[in-house]
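Indexing begins at 1, ligand by ligand and atom by atom, following the structure's order.
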Amino acid sequence: MTQRKVRVAVNGYGVIGKRIADAVALQDDMELAGIADIVSDWRVKVAAIKGYAIFASASSASHEMQSAGIPVAGVLDDLLSRVDVVADATPKKVASLNLEKYRAFKVKSIFQGGEKHSLTGHSFVAQANYASAIGRETTRVVSCNTTSIVRTLGALQSAGLLKKARGVLIRRATDPWESDHSGVMNTVVPEHSIPSHQGPDAQTVLPELDVMTVAVVAAHTNCHLHSWCVELTRPASREEVLQAFGRAPRIAFLRMSEGIVGLNSTLEMMSDLERSRGDMWEVGLWEDGVTVKGNEAFYNYQVYNQAIVVPETIDAIRALTGLETDGAASIQKTDRSLGLVRDFTAA
Ligand SMILES: NC(=O)c1ccc[n+]([C@@H]2O[C@H](COP(=O)([O-])OP(=O)(O)OC[C@H]3O[C@@H](n4cnc5c(N)ncnc54)[C@H](O)[C@@H]3O)[C@@H](O)[C@H]2O)c1
């Protein structure tokens, strides 16, 4: 007997929401029932061009959307009444106000990293804790930086190599489409608090991590760069550390020796690979920069902030709805549908 497709709504069609919607539409076990937003400009018009059903998240927005020529199929309540699960990608703090509504409609919900762990009581990174999300009412896919930390430190932890980790995060100033009105320029701004929130946030998924993060904001608009110093449980070889990263999902190697020398090189390469929007869903880790001295490892990696949480959200849909109970199988299915790789320069 073929299983019915899980019906998914995406509320908030911005940087993250539009990518989730496209990824849902690619899955053969899911159906994108529609997207919802409150704006009536080019952002939502693109969704109409793609043929997605569009709903107004607030009834007050519906009239304006219709006046702008957007074919509005109804309001958020209409969309919620016909789905199993909603991926909420509305802005930080807006999203938390929606949980009660989702509950009232008995719709499972997935939030993003702008929300607090306490909203859902569960924070999600597929390779680390898929099993504990199965059948839950709600979860939170952690932020882009936190996802990368859990993937990489989780890989070292699973290999029995991780004692403690200290990382510096050089963050992008703002997303490209918002750079006309936000973001720092011509400066680098240290974050006031140490640890920055990403280290403690990673502990909401892997509570035993001994991790500290220091973050600075720099004057570019795309991707974060992480530099890590890790104390290992014992002296290890460089090969052992590389094998640990190589075994974990969603970490792909980059090489300076092959001309991938900065965040910009990778962006160009993703476009040349004709990935959707030039996205990189993997943590891009510089293989030839990985250095191990005795029981210490040092490495750099790139986080494509606009895309890294998208495959995680697809897996969270499968976990919450019980569509797939084997996390590794879900990861594999998602990665195949999007086209993730393990090594960017392997021929
Ligand atoms: N941008 C990133 O790089 C990034 C990375 C990882 C996680 N996140 C997280 O993802 C979430 C969404 O962030 P984003 O960058 O996509 O934001 P965004 O501003 O690009 O998109 C938010 C969308 O929600 C819409 N919206 C606003 N109020 C709404 C409402 N009441 N109902 C429905 N829609 C509404 C906006 O019009 C917009 O289209 C946040 O939790 C953020 O922290 C963002």
Side-chain angles (χ1 to χ4, degrees), residues 9-23 34-48 52 54-62 64-65 68 70 72 74-80 86-102 109-117 119-120 123-125 139-151 169 171-183 197-198 201 217 220-224 263 267 277-281 283 302-313 316:
V10 175
N11 190 20
Y13 191 72
V15 168
I16 300 298
K18 64 187 175 185
R19 287 173 166 84
I20 294 172
D22 288 354
I35 67 99
D37 206 295
I38 53 166
V39 293
S40 43
D41 61 15
W42 63 271
R43 292 169 281 177
V44 173
K45 286 184 176 173
V46 170
Y52 297 159
I54 297 165
F55 294 79
S57 288
S59 41
S60 53
S62 183
E64 208 169 310
M65 286 168 103
I70 294 164
V72 181
V75 292
L76 181 60
D77 288 11
D78 301 317
L79 179 58
L80 292 176
V86 56
D88 187 310
T90 58
K92 200 172 176 168
K93 297 193 177 129
V94 171
S96 58
L97 305 173
N98 292 329
L99 179 57
E100 283 315 314
K101 183 185 266 293
Y102 302 150
S109 53
I110 296 159
F111 293 88
Q112 295 295 319
E115 303 313 305
K116 292 198 165 71
H117 173 79
L119 177 71
T120 60
S123 294
F124 184 88
V125 175
T139 189
R140 173 187 75 125
V141 170
V142 293
S143 75
C144 48
N145 282 312
T146 306
T147 297
S148 75
I149 294 169
V150 172
R151 286 187 193 168
L169 285 57
R171 299 181 50 209
R172 61 92 177 88
T174 189
D175 287 337
W177 83 275
E178 292 182 304
S179 59
D180 61 298
H181 63 270
S182 119
H197 74 273
Q198 295 88 358
D201 200 28
V217 175
H220 63 282
T221 58
N222 216 331
C223 296
H224 308 301
L263 304 183
L267 294 183
R277 298 188 175 86
D279 282 351
M280 181 167 78
W281 304 282
V283 169
Q302 177 169 355
V303 177
Y304 191 100
N305 53 290
Q306 301 188 110
I308 184 173
V309 296
V310 172
E312 306 294 340
T313 306

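Looking only at heavy atoms of the protein, atom 28 (N) of ligand 1 is closest to Ile38 CD1, 3.4 Å. Scanning the protein heavy atoms around atom 41 (O) of ligand 1, the nearest turns out to be Gly114 N, 3.0 Å. Distance from atom 33 (C) of ligand 1 to its nearest protein heavy atom, with residue and atom name: Ser57 OG, 3.0 Å. Looking only at heavy atoms of the protein, atom 10 (O) of ligand 1 is closest to Gln112 CB, 3.4 Å. Among protein heavy atoms, atom 5 (C) of ligand 1 sits closest to Asn305 O, 3.1 Å. Given atom 21 (O) of ligand 1, the protein heavy atom at minimum distance is Gly14 CA, 3.2 Å. Among all non-hydrogen protein atoms, the one lying nearest atom 39 (O) of ligand 1 is Asp37 OD2, 2.7 Å.
Protein heavy atoms are absent from the 4.0 Å sphere centred on atom 17 (O) of ligand 1.
Remark: Arg140 does not engage Asp88 in a salt bridge, criterion side-chain N to carboxylate O under 4.0 Å. Note on Glu312 versus Arg151: salt bridge recorded, some NZ/NE/NH1/NH2 to OD/OE distance being below 4.0 Å. Between Arg43 and Asp37, none of the side-chain N atoms (NZ, or NE/NH1/NH2) sits under 4.0 Å from a carboxylate O, so this pair counts as no salt bridge.
For the pair Ile16 and ligand 1, the shortest N or O to N or O distance falls below 3.5 Å. For ligand 1, the polar-atom distance check against Ser143 finds no nitrogen or oxygen pair separated by under 3.5 Å. Between Glu115 and ligand 1, no pair of N/O atoms sits closer than 3.5 Å. Inclusion of Val15 in the set of residues having an N or O under 3.5 Å from an N or O of ligand 1 is warranted. For the pair Val309 and ligand 1, the shortest N or O to N or O distance does not fall below 3.5 Å.
Although no hydrogens or angles enter the test, the distance criterion places a donor-acceptor pair under 3.5 Å between the side chain of Asp78 and the main chain of Val75. With hydrogens and angles ignored, the 3.5 Å screen pairs a side-chain donor or acceptor of Thr147 with a backbone N or O of Val142. Side chain of His220 to main chain of Cys223: a donor-acceptor pair is present (N/O by atom type, distance under 3.5 Å, no hydrogens or angles). Remark: side-chain polar atoms of Gln302 are paired, donor with acceptor, to backbone N or O of Leu263 under 3.5 angstrom. The backbone N or O of Ala68 sits less than 3.5 Å from a side-chain atom of Lys45, completing a donor-acceptor pair. Using modelled atom types, one side-chain atom of Glu115 and one backbone atom of Lys93 make a donor-acceptor pair closer than 3.5 Å. Side-chain atoms of Ser148 never come within 3.5 Å of backbone atoms of Val283 as a donor-acceptor pair (strictly under, hydrogens ignored).
Near Val94, meaning under 4.0 Å from any of its heavy atoms, are these atoms of ligand 1: 30 (C), 31 (N). Set against the non-hydrogen atoms of Pro91, the atoms of ligand 1 under 4.0 Å away are 22 (C), 24 (O), 26 (N), 27 (C), 28 (N). Atoms of ligand 1 lying under 4.0 Å from at least one heavy atom of Thr90, given by number and element, are 11 (C), 12 (C), 24 (O), 32 (N), 33 (C), 34 (N), 35 (C), 40 (C). Each of the atoms 1 (N), 2 (C), 3 (O), 15 (O) of ligand 1 lies under 4.0 Å from some heavy atom of Asp175. Taking every heavy atom of Asn11 and a limit of under 4.0 angstrom, the matching atoms of ligand 1 come to 33 (C). Each of the atoms 12 (C), 22 (C), 23 (C), 24 (O) of ligand 1 lies under 4.0 Å from some heavy atom of Ala89. Proximity to Tyr13 (heavy-atom distance under 4.0 Å) selects the following atoms of ligand 1: 39 (O).
Asp175 pairs by the side chain to side chain donor-acceptor pair (under 3.5 Å) definition with Arg172, Asn305, not counting sequence neighbours.
Scanning Ser40, Cys223, Cys144 for the heavy atom closest to atom 6 (C) of ligand 1 points to Cys144.
Residue Phe111 does not touch ligand 1, judged by heavy-atom distances below 4.0 Å. Residue contacts with ligand 1, taken as heavy atom pairs separated by less than 4.0 Å, involve Arg172 solely via side-chain atoms from C-beta onward. No part of Leu76 comes within 4.0 Å of ligand 1, judged by heavy-atom distances.
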Please determine whether side-chain hydrogen bond (donor to acceptor under 3.5 Å, both in side chains) holds for the pair Ser62 and Ser59, giving the CA-CA distance in whole Å, both sets of side-chain angles, and the decisive distance to 0.1 Å.
CA-CA 5 Å; Ser62 183; Ser59 41; over 6 Å; no
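Looking only at side-chain heavy atoms (C-beta outward), Trp42 and Trp177 come within less than 4.5 Å of each other.
Side-chain contact of Asp201 with Ser123: a donor-acceptor pair under 3.5 Å is absent, judged by distance alone.
In this pair, Tyr52 and Tyr13 present their aromatic rings perpendicular. The plane angle is above 60°, beyond the 30 to 60° band.
Not a single heavy atom of Ala58 sits less than 4.0 Å from an atom of ligand 1.
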